[in-house]
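Down below is the structure, laid out as structure tokens.
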Amino acid sequence: MIRRLLKHPGLKRILGRLLGLYLDLTYRTIRWRLDGFEHMQPLLATATPLLLTFWHERLAIMSQQWIVMRRHVPKDKVSGYAPYVLSSRNRDGDIARLAYERFGLLSISGSSSKGGISGLAGMLRVMRNGHVTVITPDGPRGPRRQAAGGAAWLAIASKAPAFALAGSVSRALVLNSWDRLMIPLPFARGVLVMTPITVTEDRNETKAGMVIALNEACARADRLAGRAPDPAPGTAA
């Protein structure tokens with residue numbers, strides 16, 4: 001019964017709007033700090049096409065990162081410069097897509113794994129047209145912190161600068177889901193970390209470097225936010 005209700009377009013719209021409203025209100029109460037922004041700011045200021053990646057577990061925090069970064073870039077420099085998010089073709093993806101809209105994020109349907117070929121092709125077109133693309137290499141269903149090959153392919157094919165992003169907050173609810181999704185709570189300290197990813201012509205090498213950069217970015221964001229780092233699966237804390 002509940003699953004049938006969640007498939008209803010009207011209910012999905014309501015849930016998506018409510019999620020966006022909650023994240024927006026929470027975002028406004030958080031004191032944000034940027035770490036590593038000096039690597040990205042010159043690229044944003046010149047509207048350079050970028051590939052931004054983050055682990056699925058930080059989804060609720062990272063939806064707000066574009067707004068925080070845009071504060072530090074003159075508006076006339078990025079007029080028409082938009083971020084596109086690769087979102088999954090399922091109920092959760094539909095709800096997340098509606099929430100993204102509140103933060104000025106656009107969506108391309110697909111994933112980094114199943115059904116992702118058309119989505120990745122769309123992302124490549126977007127970057128060649130001068131925009132930013134955002135992808136969760138372990139989304140939409142995991143395994144947690146294991147990158148699918150699509151993100152590495154996109155980094156190589158686009159030749160765009162690639163970054164590992166991570167957000168963390170001092171106060172959060174961590175769900176008992178496959179990805180340990182972190183939901184920010186109001187009036188917290190927030191940290192957004194940006195780390196360049198080294199891209200080579202070898203997909204496996206690029207994917208391995210992406211995983212390392214993403215895990216290190218998450219650990220750094222957690223430490224700077226005053227949280228114990230949440231280790232990657234199979235590693236010690």
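Heads up: numbering here begins at 1 and tracks the sequence.
Annotation: side chain of Thr133 is not in contact with side chain of Leu86 (no heavy-atom distance under 4.5 Å). Side-chain atoms of Tyr84 and Val132, non-hydrogen and from C-beta on, never get closer than 4.5 Å to each other. At a threshold of 4.5 Å between non-hydrogen side-chain atoms, the residues Met62 and Val85 do not count as touching. Ile61 places none of its side-chain heavy atoms less than 4.5 Å from the side chain of Phe54. Using a 4.5 Å heavy-atom threshold, the side chains of Arg33 and Arg189 count as separate. Considering only heavy atoms from C-beta on, Leu154 comes within 4.5 Å of Met127 through its side chain. Using a 4.5 Å heavy-atom cutoff, the side chains of Ile183 and Thr26 are not in contact. Using a 4.5 Å heavy-atom cutoff, the side chains of Ile156 and Glu201 are in contact.
A donor-acceptor distance shorter than 3.5 angstrom exists from the side chain of Asn129 to the backbone of Arg125, with no hydrogens or angles considered. Using a distance-only test at 3.5 Å, with no hydrogens or angles considered, a donor-acceptor pair links the side chain of Arg58 to the main chain of Gly167. The backbone N or O of Leu44 lies less than 3.5 Å from no partner atom in the side chain of Thr48, so there is not a single donor-acceptor pair. A side-chain donor-acceptor contact under 3.5 Å links Trp32 to the backbone of Tyr27.
Residues Met210 and Leu120 do not share a hydrophobic cluster, defined by chaining ILVMFWY side chains whose heavy atoms lie under 4.5 Å apart. Residues Leu23 and Leu185 share a hydrophobic cluster, clusters being chains of Ile/Leu/Val/Met/Phe/Trp/Tyr side chains in contact below 4.5 Å. Under a hydrophobic clustering in which Ile, Leu, Val, Met, Phe, Trp and Tyr are joined whenever their side-chain heavy atoms come within less than 4.5 Å, directly or via other members, Val193 and Met182 fall into different clusters. With hydrophobic clusters built from ILVMFWY side chains whose heavy atoms lie under 4.5 angstrom apart, Leu192 does not share a cluster with Leu224. When hydrophobic clusters are built by joining Ile, Leu, Val, Met, Phe, Trp and Tyr residues whose side-chain heavy atoms come closer than 4.5 Å, directly or via intermediates, Leu51 is grouped together with Ile108.
Atom CD1 of residue Ile212 and atom OG1 of residue Thr195 lie 12.5 Å apart, to the nearest 0.5 angstrom. His56 NE2 to Ser177 OG: the interatomic distance, rounded to the nearest 0.5 Å, is 9.0 Å.
A search for side-chain contact (heavy atoms from CB on, under 4.5 Å) contacts involving Arg128 returns Leu124, not counting sequence neighbours. Residues meeting the side-chain contact (heavy atoms from CB on, under 4.5 Å) test with Pro196, sequence neighbours left out: His39, Phe163.
Of all the heavy atoms in Ala60 and Leu181, the pair that sits closest is N-CD1, 4.3 Å. Heavy-atom minimum distance, Pro49 versus Ala160: O-CB, 3.6 Å.
Under a 4.0 Å N-O distance rule, the pair Arg223/Asp35 does not qualify as a salt bridge. Electrostatic pairing of Arg145 and Asp230 does not count as a salt bridge here, judged by no charged N lying under 4.0 Å from a carboxylate O.
Counted within 6.0 Å of CZ on Arg220, heavy atoms from surrounding residues, nucleotides or ligands total 12 or fewer; the atom is thus considered open.
Members clustered with Leu21: Leu25, by chain and number, using a 4.5 Å side-chain heavy-atom cutoff among hydrophobic residues.
Under the 30°/60° scheme for interplanar angles, the aromatic rings of His131 and Tyr81 are found to lie parallel.
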